[in-house]
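Working notes for the structure below.
Counting starts at 1 for both ligands and their atoms, in listed order.
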Amino acid sequence: MTFAFLMESLGIAPNASLHGYAIDSMLEMLHWFMLILFVGWGSFYAYTLWRFQQKKNPRANYVGTTSHLPTKLEGGVLVLEIVLLMAFAAPIWANRVAQFPAGPDVIHVRVVGQQFLWNFHYSGPDGKFGHCDIKLVSTSNQLGLDRNDPDAADDLTAVNEMHLPVNRPCVIDVSSKDVIHDFCIPNMRVAQDAIPGSVIPTWFVPVKTGTYEIVCAQLCGNSHSAMKATLVVESEADYKKWFDETAKLSGAKVVEGEPVAPSVSSTSSFAVDH
Ligand SMILES: [Cu+2]
C-alpha cells in the first residue's frame with residue numbers, strides 16, 4: 001500500500017517498482033515530520049518574539065527559563081529521528097544492497113553509459129554475455145561486442161531503449177565507457193552511478209506496464225541533459241516480440257521458442273569489479 005499523499009501532491013514521478021513503495025512511504029514520513037517541526041519551531045519563535053518583547057520586559061532577565069520542556073522536546077525529536085533511521089531507512093537500504101534477486105525469473109542487463117547515450121546489453125537465451133573488446137568499438141557496435149564469441153551469438157544490444165517484462169526482477173550491471181554518469185529511472189526509484197572501470201549492480205522489480213524515462217543524473221558534459229533513454233515495461237509476450245525483432249536487427253541469432261534472457265546461473269556474469 002502506498003502512503004504518499006504529500007509526495008504525490010508535490011509532483012514526484014509516480015512509483016512503478018516494488019521497492020519504491022517503501023521509499024515513498026519513508027519520504028512521506030520525513031516530509032510530514034519536517035512539516036511538524038517547521039510549524040512547531042516557527043510557532044515557538046513567533047511566541048518568543050511576542051512574549052519577550054521589550055514593551056513587556058523593559059529590564060532584561062538574566063536567569064531565563066527554568067522549564068525543562070525544551071529539553072524534553074529536543075529529546076523527543078532525537079528519539080523520533082533514531083527510530084526513522086534505524087527502523088525504516090536502514091532496513092530499506094539493507095534490503096536494496098544485501099538481497100539481490102536470483103533464480104530463473106531474473107532478467108540480467110548490462111548498461112554502459114557514454115557521452116551522451118545509454119547502451120543496453122542482453123545476454124540472450126543462453127544466459128551468457130558475450131565478450132566485449134574495446135578494439136571492436138565502432139558507431140554501429142558501441143559496446144565492442146565480439147560476434148565471433150559463441151556466447152555473443154544470441155546477445156542483443158540496443159541504444160537508448162530498454163525493455164523489461166512486468167513483475168520480473170531485473171538486475172542491472174552499470175558501468176561507463178568514459179566519464180562518471182548516473183543511471184537513473186525516477187519512476188523505478190533507482191539511481192546508480194556509472195563509473196568507468198567499475199561494474200556496479202543495482203536491481204528493481206517493475207510492477208506497472210508503461211513507458212518511463214531513463215536519465216543521466218550526474219553532470220557529465222555539455223549534452224548531459226540530452227542523455228536520455230526509454231524504458232518500456234510490457235507483458236511477457238510483448239517483451240519476447242521486441243527482443244526477437246531487435247535481436248534480428250542487431251545481427252543476433254534468434255532462438256525461436258526459447259525463453260528470453262533468462263538469469264545467469266548463480267552470479268557467474270555478475271562480476272562486481274570495484
Ligand atoms: Cu551522463
Angle in degrees, rounded to 10°, that SG of Cys220 and SG of Cys216 form at the Cu ion (ligand 1): 120°

Pair His224 + Phe116: ring centers closer than 6.0 Å: no

If you look at His181, which of its N/O/S atoms is nearest to the Cu ion (ligand 1)? ND1

Please find out if the Cu ion (ligand 1) and some N, O or S atom of Met227 are separated by less than 2.8 Å. yes

Identify whether the distance between the nearest side-chain nitrogen and carboxylate oxygen of Asp244 and Lys248 falls below 4.0 Å. no

Assess whether a salt bridge exists between Lys241 and Glu234, defined as any Lys/Arg side-chain N lying under 4.0 Å from an Asp/Glu carboxylate O. no

Please evaluate residues Gln114 and Asn119 with respect to the criterion side-chain hydrogen bond (donor to acceptor under 3.5 Å, both in side chains), reporting the C-alpha separation (whole Å), side-chain torsions for both, the decisive distance (0.1 Å), and the verdict. CA-CA 8 Å; Gln114 72 180 77; Asn119 295 287; 2.8 Å; yes

